[in-house]
J.: 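Quick one: structure below, then a few questions.
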Amino acid sequence: MAAARAGARVSLQKYTYTPIDQLKEGKVFNVYGVVIFFKPPYRSKGTDYCLLVTIMDQSEAKLKCMLFSENQETLPIVYKVGEIVRFHRVKIQKFNDEIQGINSGGFSALVFDGIVGSPVSPRSTSKCYNFHPDDERFVEVLRQWASKHLKVSAPQIKISDVESVQFFDLLCQLVGKAEVDNSSYLIKVWDGTKISSPSWNVFVEEAALEGDQALIHQRQSLIIDVLVYDNHVESAKSLKIGSYLLIHNVHAKLHTSGKENEAKNPHMEFHLHGGTCFGRGITVLPESNSDVQGLQRLLVSVHESLDNIASQEIITTLHPQLALKAQQDWPITPLATVLKSKAPHKYRIRARLKSYEPQNLLQSVKLHCVKCNSLHDVPDEDTIKTVLQNNSDYDSVAGIQSTSWYQSAVWNTNNQQNRHIAIHFVKRHDILQNPEDTLIMLQGGTLQEIYKLSKHFDSIIPVKAIQGNLEIDISIPFLIQGNRWHYGCTRCSKIKSTEMLRSLSQEISWNATEIAKVLGIQPLSHVFTLHFTFVDETGKLNAFLWNYSEQFFHISASEILLDNKLQEKLFNIMDTLCPPRKIIDKSPWLDCCIKSYNTTNGGKRQICYEIFDTEVVEDDL
DNA sequence: TTAGGGTTGG
């Protein structure tokens, strides 16, 4: 018995089918045929979508059928040339001295794949259709006939074979898409094979690209860019990432530039040209499709091997020599034993880093007050901008006068109306210094201006004028020294007048601790605060990293926020200790010192763990 | 009503 679609109702009424060479104009017939050409559904200029299918049967006559429908989904589901169709109630008419079929009232269609001997399971767009045991025979006979008499298979090839064929149908999976311009659209696809010659990369802004960027990056060498044009833009836009596609009549074009220096680097371009000639278009295939299932199997195995290669690369190629160094003469204690023991105690553990928080590593940088032991977030740029804006007002800058210990200058910024900046150059030994040795007090400057000035001057103190006095706002950095931005504790500081800086004007250099002291500021120190989850064969243990974090990473927490190289170093270290993609078996074993301590949380006693005396080193073992 | 294949563009 033929396999019918789940939930479909099947009637057994017997129909008569007319050979194509016996069809007569003006009448309605039922026909069977092999698809020898088709155009996937496309939008007509009228109200409907249309599908053009040309079929042939054992009479060796052809019938071109124009099928229209308001709804694309109700048109016969044809994927490939060579498939078998059964049409009920096709109206035959004449056009250009040729008969053609049109769908008329009561039209219905079934489509079967064309593979000899495969199950005769119909694709139908309606839930209720007729299927008689005779149909199975009809389909199989037609398949047999087509396999002997027709050479109708479209050149469906893999990406690795494109060089030999210029136009082909491509079965693939969509991994990314992006708008290019009004008449073209980019789709990024793969079929698990690798193109033999270099292929082009269509430039689009990263933000415009839809799809998993990390995945696209990882599969880069296996992904091709296909540029689709005109009428195909609309259908490409609606495609879902991850869906399986049959792109009909892709043009692989070897691009060799006329310029001599470029001619040596030819690359392959992929176009789906506009229009519907040669059946150009994109068909979305369901996951139940047998071709798709074959493709899926290939993609899964390729993906797994890529993952293995990637994690191997991270561990062994990118950072081959990173490891953790702890007290080497201490015995290793299993995590289960650590967890069962009383605090306080010190241990050396050997475990893998399963995860860490925060994943956004820059968020791990906090400000710590040693006096009141409070932790604060580092103010973000927007907060600083707002404070600076409020500290800037024209009147306070207008009446500025130099004093014996600093010399003042006022600028009018051209880009914004009535905005003035005052810079007070603090003298040392009663004389002005070179910029690289100079402390300036900045009044009315923006964040951007602070960034710029901090490249030229040794130290900057942002100030605001209150009743003629220059004062410090402790909600923003009180001192900027290059990439080091110094903050003070709002709770513990007792701010004094900037006049106090005068006492430092005989010093040799501008020392942040000294400046904080005379200004009554309790300085905050930058620390990394991370939460690590370790695992070994015996258990799982959470530990903090903060007091010993700078020693651990060999990175200054106070400079990292403004230093790309330090940020990159931190990211690389954490990628090595805890490789992404969560394959714990690929993570390195880490030696680490931890100490336990008692703490209370909401009145409840608990034991916490902190990493200490451990550092990232180049492993020369 | 619409579109109605014909050896191929960016």
Side-chain angles (χ1 to χ4, degrees), chain A residues 20 23 25-26 33-56 61-72 74-76 78 80-83 85 87 90-105 107 150-155 157 162 164-170 178-187 199-204 224-234 236 247-258 266-283:
Chain A
I20 293 175
L23 299 173
E25 184 191 350
V34 184
V35 176
I36 58 166
F37 177 80
F38 80 106
K39 288 184 177 185
Y42 54 98
R43 200 193 277 284
S44 76
K45 291 195 180 99
T47 56
D48 294 341
Y49 283 88
C50 48
L51 168 68
L52 167 68
V53 190
T54 308
I55 58 171
M56 201 180 200
K62 288 183 199 172
L63 178 67
K64 200 179 289 176
C65 298
M66 291 302 315
L67 309 172
F68 295 96
S69 171
E70 236 178 345
N71 185 350
Q72 202 178 335
T74 61
L75 288 166
V78 180
K80 285 201 272 190
V81 165
E83 291 178 333
V85 294
F87 292 154
V90 190
K91 191 178 162 193
I92 302 300
Q93 57 188 37
K94 223 167 200 174
F95 174 76
N96 276 352
D97 277 339
E98 236 182 15
I99 56 158
Q100 67 172 197
I102 295 280
N103 53 337
S104 60
F107 171 83
L150 299 175
K151 280 190 178 167
V152 285
S153 62
I157 61 163
V162 286
S164 53
V165 191
Q166 251 204 311
F167 290 89
F168 57 96
D169 288 1
L170 180 65
E179 202 158 315
V180 177
D181 56 44
N182 280 339
S183 65
S184 64
Y185 196 88
L186 170 68
I187 55 177
S199 73
W200 69 341
N201 242 320
V202 178
F203 175 78
V204 286
I224 60 163
D225 284 6
V226 181
L227 209 49
V228 310
Y229 297 91
D230 307 334
N231 53 318
H232 309 303
V233 170
E234 185 197 338
I247 313 176
H248 305 276
N249 199 234
V250 178
H251 182 190
K253 190 181 166 196
L254 195 60
H255 178 92
T256 44
S257 168
H267 61 259
M268 195 66 85
E269 298 181 349
F270 296 94
H271 306 271
L272 178 64
H273 297 300
T276 61
C277 291
F278 310 99
R280 282 171 192 162
I282 304 171
T283 308

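Proteins come first, then strands; the chains are lettered A, B, ... in the order of their sequence lines, and each starts at number 1.
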J.: On a plain distance test, is the side chain of A/His273 in donor-acceptor contact with the base of B/dG10 below 3.5 Å?
T.: yes
J.: Side chain to side chain donor-acceptor pair (under 3.5 Å) with A/Thr74: which residues, sequence neighbours excluded?
T.: A/Ser69
J.: A/Asn249 near the nucleic acid: base, sugar-phosphate alone, or nothing, with a heavy-atom cut-off under 4.0 Å?
T.: base
J.: Could you give the NZ-to-P distance, from A/Lys39 to B/dT2, as a whole number of Å?
T.: 15 Å
J.: Give the rounded distance in Å between these two atoms: CE of A/Met66 and C1' of B/dT1.
T.: 12 Å
J.: When rounded to the nearest 0.5 angstrom, what distance separates CD1 in A/Ile247 from NE2 in A/His232?
T.: 10.5 Å
J.: Describe the nucleic acid contact of A/Gln93 in one word from base, sugar-phosphate, nothing, applying a heavy-atom distance below 4.0 Å.
T.: base
J.: Atom CZ of A/Arg280 to atom P of B/dG10: distance rounded to whole Å?
T.: 11 Å
J.: Could you state the CD1-C1' distance from A/Ile187 to B/dG10, rounded to the nearest angstrom?
T.: 16 Å
J.: Should the side chain of A/Asp230 and the base of B/dG10 be counted as holding a donor-acceptor pair, with the cut-off at 3.5 Å?
T.: yes
J.: Once hydrogens and angles are ignored, does a donor-acceptor distance under 3.5 Å link the base of B/dT2 to the side chain of A/Arg43?
T.: no
J.: Side chains of residues 46-55 of chain A: which donor-acceptor partners sit under 3.5 Å, not counting sequence neighbours?
T.:
{"from": "A/Asp48", "atom 1": "OD1", "to": "A/Glu70", "atom 2": "N", "distance (Å)": "3.4"}
{"from": "A/Tyr49", "atom 1": "OH", "to": "A/Arg43", "atom 2": "NH2", "distance (Å)": "3.2"}

